[in-house]
There are 2 protein chains.
Amino acid sequence: MTNIRTVAARAGVSPSTVSRAFARPEVVAEEARRRVFAAAAELGYQPNPVARSLAMGRTGNLGVIVPDIANPFFTPLIKEVQREARRRERSLFVADSDEHVRQELEVALAMARQVDGLVLASSRLPEEDIRAVAALTPVVTVSRVLDGVPAVATPSDRGIGQAVEHLLALGHRRLAYLGGPEESYVTPERHGALHDAAARGGLEVVDLGHFQPRYEPGVRAADLVLAEDVTAVLAYNDQIALGVVNRLTERGVRVPEEISVVGVDDTWIAGLTRPALTSVRVPVGRAGAVAVRMLADPAPGDGHAARESLATELIVRASTGPAPR
Amino acid sequence: MTNIRTVAARAGVSPSTVSRAFARPEVVAEEARRRVFAAAAELGYQPNPVARSLAMGRTGNLGVIVPDIANPFFTPLIKEVQREARRRERSLFVADSDEHVRQELEVALAMARQVDGLVLASSRLPEEDIRAVAALTPVVTVSRVLDGVPAVATPSDRGIGQAVEHLLALGHRRLAYLGGPEESYVTPERHGALHDAAARGGLEVVDLGHFQPRYEPGVRAADLVLAEDVTAVLAYNDQIALGVVNRLTERGVRVPEEISVVGVDDTWIAGLTRPALTSVRVPVGRAGAVAVRMLADPAPGDGHAARESLATELIVRASTGPAPR
DNA sequence: ATGAAAGCGCTAACAA
DNA sequence: TTGTTAGCGCTTTCAT
């Protein structure tokens, strides 16, 4: 093993000088620095990050945990978190909890002490567990708010309100709602936002139950929708909406001529399907960037945990149209 | 800070005993163990993984680096690597190189010493860089083979051969090929496989150049395809193929009645689009699982680097049909 | 079964 | 500017 002492010996300096040469080259004399780097190069030496972390009490890493790395909703978040981490010369570790609360805790605990901060996206953990993690390392939650933990919120009321408004303007009066998984933190939030907006505007909502945020449940949901007397559907997310659209089309029901479909998340799939999907955009990429900023440049603590909020908005595409008469 | 010494003091034992209580509870006496865990619980103590790593010379982590976490091609890989890692009680860190060689090296080097092994998927790094990383930590490459480094190969010849056979049987005689990015390791491999199979079967191939593996380049490619006198298209991957299909449809060209389209990768998108995409399946999930196995249970070194190879196969869906006459 | 002591590779006062 | 020294928190011989 080639450690700092071997390099020091070879360069004819002390270990501290080697350490300094790597950490703050400007404080070591030209000549010494040259010799250190020469020796390091010959030996193929790189400082050991684990030892460095132990000595400094910080790792230089940031972490982000998402429920499902395969869900396109989270990729902009990961990408932006990564970009912001890079800008600050931090490495980013991503972990996936597989939509599984138990695993999420394990993964979070395993990661917590190996990073200087953790972004928890759409966490399903019970409050106490989040706090336990937050006790080990600085945490910022995204799309989940709880007392005492810094958070970036992405409330759906605005975007969902716009969706309701949009459908009403198109003449729709009865809407089927495909809700999200019961365990998810956002499920009641979206449900509430919809019912508030619908009540205000006079749109009747038929709740069709809970669905996992994937394509196949959407396929299943489509038939339930057809059994109801509705002209529009709002799905918990784009994947479900896509399943609905495809199944409706298969059954010969035209979208949007006969039924309008609205998704939520505005993932990149929404723009690629035919008809392209009208969807509520959740600015999760920006949320990630903001979260890293909060982690890396913590605001002067005024006693309260930091809070940011980013609004959602409706993106209209081809899957919504005038209600049939 | 609550470290091993505080816990030891509190429990009235030595640090070694605390260490043992956590690492191999069976070797410490019932009574001592009880006291240690009690003390740990009261103090909220968890062994510090960084210190443990330094002392043991191993971290308990595994890493995987993919070119683009947002590319659905890689998500089965990540999921399977994760599953295998979990089974072995290792944490998994994922990193994304953003399709950028420079970043890939940085990310790999940053990760290398914080994990006990690294899976490098579809790496674009020059050989020397991969070897440099492999010198720091055990590495297994996926879909990239080089001397002296364990690898899981996913050669495309079989699947592409089946695609050519399929198209010939459907009466196609002239095929447009949309190649992958020039920097990618697989680009020439797929190109070669296609030309070999085409030459054997008597299919004429029109090379339309290099395309980034994303949707938009596929849209652009569609118009190039229409300018050629072909009845079928093979795209480097599903995303490109999807762009082609959508653009063709927009221009009023029916798929597959007028033009057949074949993708590669068989990502989950392939099954969701209309028409569903015929595609060459690359078993990248299994490849990931195998890679972890090679990392975690290394075969008795017989001098050669380990090698596995998983075959590709054509999945026929609705985007291919008989050639128009 | 337990403890003392040395050491993993590095950083950071402190002195020189 | 550089070296000496003392840790960072844990594991692991080696004694007892």
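Naming: A, B, ... by sequence-line order, numbering from 1 per chain.
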The side chain of R52(B) lies closest to which of these nucleotides: dC10(D), dC10(C), dT2(C)? dC10(D)
Nearest to side-chain heavy atoms of R20(B), which nucleotide of dC10(D), dC10(C), dC14(D): dC14(D)
Would you kindly give the CD1-to-C1' distance between I4(A) and dT11(C), to the nearest whole Å? 8 Å
Classify S16(B) by what it touches in the nucleic acid, base, sugar-phosphate, or nothing, heavy-atom distance under 4.0 Å. base
V13(A) near the nucleic acid: base, sugar-phosphate alone, or nothing, with a heavy-atom cut-off under 4.0 Å? sugar-phosphate
Pair R86(B) + D98(A), salt bridge at N-O below 4.0 Å: no
Does a nitrogen or oxygen in the side chain of S53(A) sit under 4.0 Å from OP1 or OP2 of dC8(D)? no
Between P of dC8(C) and CG of L54(A), the distance in whole Å: 13 Å
Protein-nucleotide distance (R58(B), atom CZ; dG9(C), atom P), rounded to Å: 16 Å
Tell me: CZ of R113(B) to P of dC10(C), nearest whole Å? 7 Å
Taking only N and O in the side chain of S19(B), is any of them less than 4.0 Å away from OP1 or OP2 of dT12(D)? no
Please check: side-chain N/O of S53(A) versus main-chain N/O of P49(A), any donor-acceptor pairing under 3.5 Å? yes
Nearest to the side chain of M56(B) - dT4(D), dT11(D), dG9(D)? dT11(D)
Quickly work out the R35(B) CZ to dT2(C) C1' distance and round it to whole Å. 12 Å
Distance in angstrom units between N48(A) CG and dT11(C) C1', rounded: 13 Å
Go nucleotide by nucleotide along DNA chain C from the 5' end; which of R24(A) and E26(B) gets its closest nucleotide reached first? E26(B)
Looking across every strand, which nucleic acid part, if any, lies under 4.0 Å from F22(B) by heavy atom: base, sugar-phosphate, or nothing? nothing
Answer with base, sugar-phosphate or nothing: what part of the nucleic acid does A32(A) contact at a heavy-atom distance below 4.0 Å? sugar-phosphate
Just how far is it from atom CE of M111(B) to atom CG of L120(B), taken to the nearest 0.5 Å? 10.5 Å
Distance-only polar pair, side chains of S123(A) and T141(A), donor-acceptor under 3.5 Å: no
Give the rounded distance in Å between these two atoms: CG of L43(A) and P of dG9(C). 14 Å
Round to a whole Å and report the spacing from CZ of R5(B) to C1' of dT11(D). 14 Å
Test your reading of the model: is there a side-chain donor-acceptor pair from R113(A) to the backbone of Q46(B), 3.5 Å cut-off? yes
